[in-house]
Amino acid sequence: MSQDIFAHLRGRVIAALRELLPELPGDAFARATVEPPREAAHGDMATNAALVVGKAARQPPQKLAAALAERLMQAPEVAEAAPAGPGFVNIRLREDFIRAQLPAILTAGEDYGQGAPKPGRVNVEYVSANPTGPMHVGHCRGAVVGDALAGLLAKAGHDVTREYYINDAGAQVQALAYAAYWRYLQALGTTLTEDEYAQLIPGGLQYRGDYLVPVGEALARHHGDALAEANTVHGPGMAGPDRWFAEVRETTVAMMMAMIRDDLAALGVRHDIFVSEAALVAEGKLDQAEAKLAGQGLIYRGVLEPPKGKTPEDWEPREQTLFRATDFGDEVDRPLRKSDGSGTYFANDIANHLGKLERGFAALVHVWGADHGGYVKRMQAAVAALSGRTVPLDVVLTQIVHVVKDGQPVRMSKRAGSYITLRDLIDEVGRDAVRFTMLTRKADAQMEFDLDLVVQQSRDNPVFYVQYAHARCRSVLRAAGEPTGLATAPLDALSDPAELALIRRMAAWPRLVEAAAAAREPHRVAFFLNDLAADFHLLWNKGREDASLRFIQEGDPEGTRARLALVAATAAVIRSGLGVMGVAPVEEMR
RNA sequence: GGACCCGUAGCUCAGCUGGAUAGAGCGCUGCCCUCCGAAGGCAGAGGUCGAAGGUUCGAAUCCUUUCGGGUCCGCCA
């Protein structure tokens, strides 16, 4: 049977309905659901099936519900089924069926909740930071959400490819090269000041962080003063860009990417593939994409309307190469070429997506910062156009993270060079706390990252609370001598409501994986684990009051094994969930 | 001016893609414990789900309008 007991019971419901209503077509039951009722008093599960098919069956839902309930009573899993309200059927499961989930969990171990393989490969693109400096807190949230989402989709049975798109082709990278060149001149001992240098270059000196110092030193090591122009006033000075630009740019991007990969490794985030924007352009992917769209009549030369309301000062009508994004739901058509003929960021990203489609993905998912929100529709339009509307693009937007310490906000500014790096954050609170905390909020909600709370050992801190539950499980199992063969332990001793509630919670894990993956919402895993930990701690606390509920019972080896099975299963489900989040479970606190 | 996201308990947030009497933690109130199965436990008060219409058996959830907050808006990525 399916690991998902809700899906399992839904099968029972639909089979019963087919018997009751043989004349209905098979798809009449598609909208029928079996889910946990809000009100626990209503039982373990409730189905709306009678409400959903009542109209098609031309029967009053309440009557149908009564007949359905009667049938369901005969199912071996069901202790009680009763019609309720406007046509629900409430189902209470037999306790031995609930207990029987434990062997299933223990047999699967950390794989519990793993969905059956799904057809079609899914590409998840995340992080994709410019290679212009170390990762900071903002990147970090996208990295964690993306990595956990990829893990979640894999858990749900998808074949997932984790991808990083390197934005190494634009003006930012040019500015970066100029900034690195400044560090090179410094390494050679120039007396030029930072401000004097900023005057000499286009756009000014944008990246002033000292993380470029090693790049300058490396350039000086490899090239000596060959990339500079001797100058009588301040020693080594700036040479013509054609003498050094390509070399400096390449070296700098390579070193920045190495640094970003190190940062990602420190966070435990991994990618299967890194795609370079510059490489895509160099191999002509942009031209191919444009030709493909042009072949469908989706490219034209035209002039856009000025934006309504606030018109930019320097706005003037300009003829551009435009993509008919409006044919696919966007508000306006979007430009593909800059005036120098190179692709806009959008155009290059279309090339990126053409590349993905050519690699045969059935679904594309992106994790972007909320500042890219306005960009979603045009990209979806492009993917729809390139794929003939067959491949969906889902975008998960992550909102800003405000880091707080001692109640004070900590601000960051990447280009100024003074900001909280990912490394700072990891050094301060640890990788696992960073990852878990980043998932304790819906991606699309702003988040306050409280450095003090995250390391606090209290109920307020979900990281601690969940890890503590796992540590307690492990502590008990160690004390019991690491028992084996618990999957075959007799379980009759488990009858306390708190024990059964814990099993019910664990039994909901496969269903949660499925639903969270479909909704692209990894934060649900964190909330589930928090609830699971609460159920476990509750039982633990009851054991402090009532010795008969303790896990290890002197003189009752059978009852002890039943409870150890419960504890081992709890530990397994916590590990299963933490595994999706990329958080390592701990054996003991501290 | 327009697009997108968000408005749920005093605070921070969930709410399982439309289900029944809307939940959790913190804070507050009242009891209990001070136990290494430690880094507390139990119970209670607290809500017209921003507002107004609509869709239907049924709406915090979907649609329209509106108020408030955020993000963004032609060759930045």
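In what follows, chains are A, B, ... by sequence order, proteins preceding strands, each numbered from 1.
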Any side-chain N or O of [X] less than 4.0 Å from the OP1 or OP2 oxygen of [N]?
X        : N     : answer
A:Lys442 : B:G15 : yes
A:Lys542 : B:G41 : no
A:Lys338 : B:A77 : yes
A:His523 : B:G15 : yes
A:Trp540 : B:A38 : yes
A:Arg472 : B:A39 : yes

So, do A:Phe88 and B:A20 meet the stacking rule of ring centres under 5.5 Å and planes under 30°? yes
Send over the distance from A:Asp546 CG to B:C33 P, rounded to a whole Å. 17 Å
Can you tell whether the side chains of A:Glu514 and A:Arg511 come within less than 4.0 Å, N to carboxylate O? no
Salt-bridge test for A:Asp44 and A:Arg92: reply yes if a basic N is under 4.0 Å from a carboxylate O, no otherwise. no
For A:Pro61, which contact category applies under a 4.0 Å heavy-atom criterion: base, sugar-phosphate, or nothing? nothing
Reckon A:Gln457 touches a base, only the sugar-phosphate, or nothing at all at heavy-atom distances under 4.0 Å? base
Can you identify which nucleotide, out of B:A39, B:A77, B:G19, has its nearest atom closest to the A:Pro86 side chain? B:G19
Please determine, for B:C26, whether a Watson-Crick or G-U wobble partner exists with both distances under 3.5 Å, and give it or none. B:G10
Output yes when a side-chain donor or acceptor of A:Thr33 lies under 3.5 Å from a complementary backbone atom of A:Glu35, and no otherwise. no
A:Tyr112 side-chain N/O to A:Ala569 backbone N/O, donor-acceptor pair under 3.5 Å: no
Option passing side-chain hydrogen bond (donor to acceptor under 3.5 Å, both in side chains) with A:His366 (candidates A:Glu163, A:His372, A:His353): A:His353
Under-3.5 Å donor-acceptor pair between A:Asn90 side chain and B:A20 base: yes
Looking only at N and O atoms, is any donor in the side chain of A:Arg544 or the base of B:C33 less than 3.5 Å from an acceptor on the other one? no
Hey, is B:U17 sitting syn or anti, using the within-90° cutoff around 0? syn
Would you kindly compare A:Arg524 and A:Asp444 by the position of their nearest RNA chain B nucleotide and give the one closer to the 5′ end? A:Asp444
Nearest-nucleotide wise, let me know which of A:Ala519 and A:Ala443 is further upstream toward the 5' end of RNA chain B. A:Ala443
